[in-house]
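See below for the structure under consideration.
Just so it is clear, the values below take in all heavy atoms, side chains as well, and ignore hydrogens, waters and symmetry mates. This one's a predicted model, so the numbers in the text were calculated from it and none came from an experiment. Naming: A, B, ... by sequence-line order, numbering from 1 per chain.
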Amino acid sequence: MIKVLFFGRLRELLNCSEIQIDDFELGSVANLRVLLAKKGPKWAEFIEGNNALVAVNQDMVDESSQIKTGDEVAFFPPVTGG
Amino acid sequence: MIKVLFFGRLRELLNCSEIQIDDFELGSVANLRVLLAKKGPKWAEFIEGNNALVAVNQDMVDESSQIKTGDEVAFFPPVTGG
Amino acid sequence: MINVQEADFDLNKQYTMLRAKDNTDGAIVTFIGLVRDFNQGHDVTGLFLEHYPAMTQKSLEKISDRAKKRFNVNQLDIIHRVGQLNLGDQIVYVGVSSPHREEAFSCAQFVMDFLKKEAPFWKKETRKQHNKDVWVETNQKDKEALKKWQ
Amino acid sequence: MINVQEADFDLNKQYTMLRAKDNTDGAIVTFIGLVRDFNQGHDVTGLFLEHYPAMTQKSLEKISDRAKKRFNVNQLDIIHRVGQLNLGDQIVYVGVSSPHREEAFSCAQFVMDFLKKEAPFWKKETRKQHNKDVWVETNQKDKEALKKWQ
């Protein structure tokens, strides 16, 4: 089981702030994106836009990063704080 | 007539904060230095050290700058404010 | 000290906390970011600042650690506000004390540049007609700002 | 606003004066220089700041004008103290407000770099035994700091 969070514009686009995925075992961030894209056209759009940053357990990571059971994964647009 | 001021370490070295020179007509900063050097060994020292900055009428200038009657000339060490 | 908070902050209080007691500070630099009127004529009333609570503090601590390793500073404090803010409100505070002014300036700039790139905050402009609220876009300048630290 | 004064200054008051009323400020940078303990073990108690009164204000105004021409800033304020100061005392304040943080940081640094090179102030360390007071030397770093503005 992994937890996946969405923030900002992306949360609004998907109309979803958090999902749980029970059947995700081992795989990379890229693998997870492919899985999420199957959830519908808006989900596919955010993958293709390739504009979503990703953090695993609150650290920014890249596409090849491995995800394991229990991880908290977050997708979000480029940050605009400060 | 011109007024010549000294500041900081230089004022202490010469034991003098201000002099008036009545017989200085037209000339450059370099000419004035030569005139001042004749006032004694300490005066010659500060000229030779060449470490004194110079301002004419409160603006920093270089050696070739012309001085005219009524000007206020100031010699001082490198500044250390801030 | 690193704080992510809804409450406003007080520069004077921060400055007092920032000054070392042992007279080793020669320089103090503070940066304050304010809610600015980006889009005149759009009835912008302020900003809503969304964040990723579990990550924001951690992210700022990482930036702070990197800055402290790189620059000779005595103290480095960061405050970032979240939630609803009005035009002119304070958003972010960075305060640095150091023996030397170059290090103090560079450290504060370094923190702001990385905060703008890595800390998980998102600004949404709030407008008089709420159905027209708009997410603020990142700007190219902020991306390029990081080049000076390479 | 440019002031050369014996009196201390209050950052909070300066900050209030610095913030624009029209919400065009996105960034405020302040710099404060403090009397630092340079020479531990020499019984340094503070500094005496000598200046060239007819020239100091004029010199700071020149630096301020140059900075305002070069950087996009809303307001730029400078205060420099003179006379007898103790360890830990505030010496100098530079405050800048601007729409953009890069401009605010650069402007404050520019002012400090040129102030250190051109403004006619001289520091003398005062020590417990007054016959051992020593003029502070310029440092090489301050000379080199100007290179970044060429």
Side-chain angles (χ1 to χ4, degrees), chain C residues 10-16 18-40 44-46 74 86-113 115-116 139 141-142 144-145 148, chain D residues 10-16 18-40 44-46 74 86-113 115-116 139 141-142 144-145 148:
Chain C
D10 175 21
L11 176 60
N12 206 39
K13 198 179 140 199
Q14 296 309 320
Y15 179 57
T16 306
L18 194 56
R19 284 173 73 171
K21 304 295 169 280
D22 60 357
N23 300 316
T24 55
D25 291 336
I28 294 197
V29 170
T30 71
F31 173 85
I32 293 113
L34 302 167
V35 180
R36 180 161 67 94
D37 189 358
F38 285 95
N39 290 295
Q40 295 192 335
V44 175
T45 58
N74 288 334
N86 296 316
L87 273 182
D89 278 358
Q90 303 185 126
I91 305 174
V92 59
Y93 162 79
V94 176
V96 181
S97 64
S98 166
H100 306 289
R101 78 177 186 286
E102 302 82 6
E103 305 269 334
F105 274 118
S106 297
C107 182
Q109 262 190 300
F110 179 96
V111 167
M112 280 309 301
D113 286 351
L115 186 154
K116 285 260 178 193
N139 75 53
K141 252 175 153 179
D142 285 332
E144 282 162 11
K148 63 173 160 307
Chain D
D10 175 22
L11 176 59
N12 206 38
K13 197 179 140 200
Q14 296 309 319
Y15 179 57
T16 306
L18 194 56
R19 283 172 74 170
K21 305 294 169 279
D22 61 357
N23 301 317
T24 56
D25 291 336
I28 294 197
V29 170
T30 71
F31 174 85
I32 292 113
L34 302 167
V35 180
R36 180 161 67 94
D37 190 358
F38 285 94
N39 292 294
Q40 295 192 332
V44 175
T45 58
N74 288 334
N86 296 316
L87 273 181
D89 279 357
Q90 302 185 126
I91 304 174
V92 59
Y93 163 80
V94 177
V96 181
S97 64
S98 166
H100 305 289
R101 76 177 188 286
E102 302 80 6
E103 304 269 334
F105 274 117
S106 296
C107 181
Q109 262 189 300
F110 179 95
V111 167
M112 280 309 301
D113 285 350
L115 186 154
K116 286 259 177 192
N139 75 55
K141 253 174 150 181
D142 285 331
E144 283 161 12
K148 64 174 158 308

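Contact count versus chain C (heavy atoms, under 4.5 Å) is highest, among D:K141, D:E102, D:R19, for D:R19. Ranking C:V94, C:L11, C:V96 against chain D, the residue ahead of the rest is C:L11, based on heavy-atom pairs under 4.5 Å. Counting heavy-atom pairs closer than 4.5 Å to chain C, the top-ranked of the candidates D:G95, D:G26, D:G88 is D:G26.
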*Apply side chain to side chain donor-acceptor pair (under 3.5 Å) to D:S98 and D:D25, showing your working.*
CA-CA 5 Å; D:S98 166; D:D25 291 336; over 6 Å; no

Check: Should D:N74 and D:T24 be marked as a side chain to side chain donor-acceptor pair (under 3.5 Å) after you check the CA-CA gap, both sets of side-chain angles, and the distance that decides it?
Finding: CA-CA 8 Å; D:N74 288 334; D:T24 56; 3.2 Å; yes

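Residues forming a salt bridge (Lys or Arg N to Asp or Glu O under 4.0 Å) with C:K148 (at least two apart in sequence, or on another chain): C:D113.
The aromatic ring centres of D:F105 and C:F31 sit less than 6.0 Å apart.
Under the 3.5 Å distance criterion, the side-chain polar atoms of D:N86 are left unmatched by any main-chain donor or acceptor of D:D89.
For C:A108, the parts lying near chain D are the backbone and the side chain together; criterion is any non-hydrogen pair under 4.5 Å. Heavy-atom distances place the side chain of D:K116, and not its backbone, under 4.5 Å from chain C.
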